[in-house]
Amino acid sequence: MSQPASFPTSTAPSSTDLQAVIGLEVHLHLNTRTKIFSAASTDYFGQEPNTFTDPLTLGLPGTLPTLNARAVDLAIMFGLALGCDVSGFTQFHRKNYFYPDAPKNYQLSQYDRPIARNGAVMVDGERIGITRAHLEDDAGKLVHPLYAPYSLLDLNRAGMPLIEMVTEPELRTPEQARKFLTLIRATAQSLGVSEANPEEGQMRCDVNVSVHVPGTPFGTKVEIKNLNSFRSVQRALEYEIARQTRVLKAGGTVSQDTMGWDEGGQKTFVMRTKEGEADYRYFPDPDLPPLNITPEWIERVRAQMPELPAQKRERYLAAGLRETDADSVSVDVPQSRFLDAALSADPKLDLQKLANWLLTDVAGWLSAKEVSLNASKLTPEHLAGLVGLVEAGTLSGKMAKELLLEVMEGADPAELVKARGLTVVTDTAAIEAAVDAAMLANPAAVEQVRSGNLKAANALFGPVMKAMNGQAGPDVVRRVLNERLGV
């Protein structure tokens, strides 16, 4: 345990001298049908409290745990994705503590024999070490009614299969921590290991943070518990780094406490003094035999692994997608799956143009409606169809954007075009007549263009498109205008 960090007032460091040291503990609910040590269903979210329990969950005498094989496979897969060593001997220990949401009065976890260890991921080109990832069962949940002098207990979550991943203290900024979590969520979702939805408690995070002068020993770390959104993680870290900096600059000391995060007040608060390892009295669970993860087992799991976010990013870059878009889409699993499905529907489409529609027009509609992509009625086939009509010259971009509102509601763009006769007009005679009328109505613009001010042609382009009800091909209109103006 590190000693409390303090500086004499006369030598207190400035805020620019201090650097944050951040480590994360990430908890993921595994995507299994039953709990980790019993046959109780995991489909409890939104259900009545205490209706997804069984004798083992309730800690009744005489019950024996049975390990969920699917949970082990998922943990191995997740460890492989993080570059961890997952081979060899692993076992479960009892981590003893009394708390109302743990009826057994202990948690089944993995102490010195985690299922995955010594891995790393890259964030913004920097290596972030993964100390370990281990399996354990989740506790229940305490509910605190507003202003009530009591708390309620819901044990539906108790016994859920969890993987806890612990990083090395190698993160340095709150923003880097947020990006790391985004990558971990994308990895878990891509693999199918976890839905990793923080809003449903499927992904939770504890942070350990201290500050120190670079080149000196790390300061005393403070733990902030159960942060349930990436934004909360970033803001809690920003607040706690600033708080510790103020304490040290004033010549005080930082104590090793466990903190909570007050979302409303946007500040941390002390929950309890940090427990030491000895307080948990770990010992091997006598009811669960050790496991030996063999090379054959590992290869069987590896063969089932889908494409990871980093691999997806490289594929997008090779296909011509802009780097910023590849970075964004590769860690957004719903978006990347949608984009891939749309491209599969029409492989001739330009990936960048398809992504432009998805990341701007579609994303804007979803944001305005506060709807997720998965919850919308838009299909990859319909988006591909709409973009394909534009690329083929059948629809103008303006017309396509107008149709998008209905396509987002499930309409087929090809059927809309057919029913409304919206095909782009390529009849040059009609366009020439509209150009002549626009030039006659605005001789000043014509004179400016012929005098060398080519931008003045825009004053003619708009009226032509309006006269054609937006159905003229923009390229054809530009060509006819240039011919008429002698440009």
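One-based numbering along the sequence shown. The analysis underlying the following values was restricted to heavy atoms, covering all of them including side chains, and did not include hydrogens, waters or symmetry mates.
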Visitor: For a side chain to side chain contact (heavy atoms under 4.5 Å, CB included) check, start with the C-alpha distance between Q335 and L339, then their side-chain angles and the critical distance, and finish with the verdict.
Guide: CA-CA 6 Å; Q335 271 191 349; L339 182 62; over 6 Å; no
Visitor: Would you check if E240 and I224 make a side-chain contact, meaning some heavy-atom pair closer than 4.5 Å?
Guide: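 Sidechains of I224 and E240: in contact.
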Visitor: Would you check, one step at a time, whether the test salt bridge (Lys or Arg N to Asp or Glu O under 4.0 Å) holds for R235 with E238?
Guide: CA-CA 5 Å; R235 290 183 175 178; E238 289 168 350; 5.7 Å; no
Visitor: Will you find, in the side chains of E299 and W297, an N or O donor that is under 3.5 Å from an N or O acceptor?
Guide: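 E299 vs W297: no donor-acceptor pair found between side chains.
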Visitor: Go through the structure and list residues passing side chain to side chain donor-acceptor pair (under 3.5 Å) with D325, not counting sequence neighbours.
Guide: R322, Q352
Visitor: Taking the cut-offs as 6.0 angstrom to the six-membered ring centre and 45 degrees off its axis, would you call K267 and Y239 a cation-pi pair?
Guide: no
Visitor: Are the side chain of Q110 and the backbone of L135 linked by a donor-acceptor contact shorter than 3.5 Å?
Guide: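 Yes, because the side chain of Q110 sits within donor-acceptor range (under 3.5 Å) of the backbone of L135.
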Visitor: Using modelled atom types and a 3.5 Å cut-off, is there a donor and acceptor pairing between side-chain atoms of E170 and backbone atoms of I22?
Guide: no
Visitor: Can you confirm whether F180 sits close enough to F230 that some side-chain heavy atom of one is under 4.5 Å from a side-chain heavy atom of the other?
Guide: no
Visitor: Name all residues meeting the salt bridge (Lys or Arg N to Asp or Glu O under 4.0 Å) criterion together with R178; count only those two or more places apart in sequence or in a different chain, and write none if there are none.
Guide: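 E175.
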Visitor: Please list every donor-acceptor pair under 3.5 Å in which a side-chain atom of residues 183-191 meets a protein atom from a residue at least two apart or in another chain.
Guide:
{"unit_1": "T187", "atom_1": "OG1", "unit_2": "L183", "atom_2": "O", "d": "2.9"}
{"unit_1": "Q189", "atom_1": "NE2", "unit_2": "E195", "atom_2": "O", "d": "2.9"}
{"unit_1": "S190", "atom_1": "OG", "unit_2": "A186", "atom_2": "O", "d": "2.7"}

Visitor: Tell me if a side-chain donor or acceptor on R132 pairs with a main-chain N or O of Y111 at a distance below 3.5 Å.
Guide: yes
Visitor: If we ignore angles and hydrogens, is there a donor and acceptor under 3.5 Å between the side chains of H134 and E136?
Guide: yes
Visitor: Rounded to the nearest 0.5 Å, what's the gap from CD on Q107 to OH on Y280? Could you check?
Guide: 9.0 Å
Visitor: Run the numbers on L67 and F37 for side chain to side chain contact (heavy atoms under 4.5 Å, CB included), then give the verdict.
Guide: CA-CA 5 Å; L67 181 58; F37 297 118; 3.6 Å; yes
Visitor: Should P174 and I241 count as side-chain neighbours, where that means a heavy-atom distance under 4.5 Å?
Guide: yes
Visitor: Please confirm whether the backbone N or O of T51 pairs with a side-chain atom of N156, one donor and one acceptor, at under 3.5 Å?
Guide: yes
Visitor: Decide whether N68 and T34 meet the rule of one side-chain donor and one side-chain acceptor closer than 3.5 Å.
Guide: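 Yes, a side-chain donor-acceptor pair sits under 3.5 Å.
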Visitor: For residues Q19 and V213, determine if any side-chain heavy atom of one lies less than 4.5 Å from a side-chain heavy atom of the other.
Guide: no
Visitor: How far apart are the C-alpha atoms of K312 and S336, what are their side-chain angles, what is the distance that settles it, and do they pass the side chain to side chain donor-acceptor pair (under 3.5 Å) test?
Guide: CA-CA 8 Å; K312 194 174 296 182; S336 64; 3.1 Å; yes
Visitor: Decide yes or no for T57 and P103: does some side-chain heavy atom of the first lie under 4.5 Å from some side-chain heavy atom of the second?
Guide: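 No, side chains not in contact.
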Visitor: Is the shortest side-chain heavy-atom distance between V21 and V209 below 4.5 Å?
Guide: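 No, every pair of side-chain atoms sits at 4.5 Å or beyond.
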Visitor: Show the atom names and distances, to 0.1 Å, of all donor-acceptor pairs under 3.5 Å that link a side chain in residues 357-368 to residues at least two apart or in another chain.
Guide:
{"unit_1": "T360", "atom_1": "OG1", "unit_2": "N356", "atom_2": "O", "d": "2.2"}
{"unit_1": "D361", "atom_1": "OD1", "unit_2": "K401", "atom_2": "NZ", "d": "2.9"}
{"unit_1": "D361", "atom_1": "OD2", "unit_2": "K401", "atom_2": "NZ", "d": "3.4"}

Visitor: Please confirm whether the backbone N or O of A411 pairs with a side-chain atom of H382, one donor and one acceptor, at under 3.5 Å?
Guide: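 Present.
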Visitor: Using a 3.5 Å distance criterion without hydrogens, assess whether the side chain of R113 forms a donor-acceptor pair with backbone atoms of T90.
Guide: no
Visitor: Other residues, nucleotides and ligands only: do more than 12 of their heavy atoms fall within 6.0 Å of OH on Y99?
Guide: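 It does not: Y99 OH has 12 such atoms or fewer within range.
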Visitor: Search all heavy atoms of T167 against all heavy atoms of G23 and return the closest pair with its distance.
Guide: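 Heavy atoms of T167 and G23 come nearest at OG1-CA, 3.5 Å.
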Visitor: Do L162 and D137 have side chains that get closer than 4.5 Å, going by heavy atoms?
Guide: no
Visitor: Could you grab the distance from atom CG of L227 to atom CD of Q234, nearest 0.5 Å is fine?
Guide: 12.0 Å
Visitor: If we ignore hydrogens and angles and just use 3.5 Å, is the side chain of S328 paired with the main-chain N or O of T324 as donor and acceptor?
Guide: no
Visitor: Give a yes or no on whether the backbone of L153 and the side-chain of N50 come within a donor-acceptor separation of less than 3.5 Å.
Guide: yes
Visitor: State which residues pass side chain to side chain donor-acceptor pair (under 3.5 Å) with T42; sequence neighbours excluded, sorted by chain then number.
Guide: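 With neighbours one apart ignored, the set is empty.
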Visitor: Kindly state each residue pair satisfying salt bridge (Lys or Arg N to Asp or Glu O under 4.0 Å) with at least one member in residues 363-381, sequence neighbours excluded.
Guide: none
Visitor: Do the rings of Y282 and H93 sit parallel, tilted or perpendicular, given the 30° and 60° boundaries?
Guide: perpendicular
Visitor: Nearest 0.5 Å, what's the CG-CD1 distance between L74 and I163?
Guide: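 Rounded to the nearest 0.5 Å, the CG-CD1 separation comes out at 8.5 Å.
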Visitor: May I ask you to decide if L60's main-chain N or O and T63's side chain share a donor-acceptor pair within less than 3.5 Å?
Guide: yes
Visitor: Please name all residues satisfying side chain to side chain donor-acceptor pair (under 3.5 Å) with Q202, sequence neighbours left out, ordered by chain then number.
Guide: E200
Visitor: Can you list every salt bridge (Lys or Arg N to Asp or Glu O under 4.0 Å) pair that touches residues 37-63, not counting sequence neighbours?
Guide: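 Listed once each, the pairs would be none.
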Visitor: Salt bridge (Lys or Arg N to Asp or Glu O under 4.0 Å) with E415: which residues, sequence neighbours excluded?
Guide: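 Checked E415 against salt bridge (Lys or Arg N to Asp or Glu O under 4.0 Å); zero matches.
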Visitor: Tell me if the centroids of the rings in F45 and F52 come within less than 6.0 Å of each other.
Guide: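 F45 vs F52: aromatic centres not under 6.0 Å.
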Visitor: Identify, with sequence neighbours excluded, every residue that meets salt bridge (Lys or Arg N to Asp or Glu O under 4.0 Å) alongside R117.
Guide: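 Expected list: D85.
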Visitor: Is it the case that the side chains of H29 and S194 hold a donor-acceptor pair, with the cut-off being a distance below 3.5 Å and no angle test?
Guide: no
Visitor: For the CG atom of L181 and the CD atom of Q176, what is their distance to the nearest 0.5 Å?
Guide: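 Separation between the atoms: 11.0 Å.
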Visitor: Please answer whether the main-chain N or O of Q256 pairs with a side-chain N or O of K221 as donor and acceptor at a distance below 3.5 Å.
Guide: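 Such a contact is absent between K221 side chain and Q256 backbone.
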Visitor: Charged N to carboxylate O below 4.0 Å: is that the case for R337 and D332?
Guide: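 Result for this pair is no, no salt bridge flagged.
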Visitor: Going by side chain to side chain donor-acceptor pair (under 3.5 Å), name the residues that satisfy it together with K179, two or more places apart in sequence or in a different chain.
Guide: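 Residues passing side chain to side chain donor-acceptor pair (under 3.5 Å) with K179: D124.
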Visitor: Salt bridge check, D340 against R315: does any charged N sit closer than 4.0 Å to a carboxylate O?
Guide: yes
Visitor: Assess whether a salt bridge exists between K141 and D101, defined as any Lys/Arg side-chain N lying under 4.0 Å from an Asp/Glu carboxylate O.
Guide: no
Visitor: Once salt bridge (Lys or Arg N to Asp or Glu O under 4.0 Å) is applied, what residue pairs with a partner in residues 65-80 remain, sequence neighbours excluded?
Guide: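 Those involving residues 65-80 are D73-R300.
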Visitor: For a side chain to side chain contact (heavy atoms under 4.5 Å, CB included) check, start with the C-alpha distance between Q91 and L288, then their side-chain angles and the critical distance, and finish with the verdict.
Guide: CA-CA 8 Å; Q91 72 178 139; L288 288 167; over 6 Å; no
Visitor: Begin from the C-alpha positions of V222 and V254 and carry the test side chain to side chain contact (heavy atoms under 4.5 Å, CB included) through to its verdict.
Guide: CA-CA 8 Å; V222 165; V254 175; 3.8 Å; yes
Visitor: Taking E126 first and then R172, would you say they form a salt bridge - that is, a charged N and a carboxylate O separated by under 4.0 Å?
Guide: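 The answer is no: the pair does not qualify as a salt bridge.
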Visitor: Any heavy-atom pair between the side chains of Q304 and M77 that's under 4.5 Å?
Guide: yes
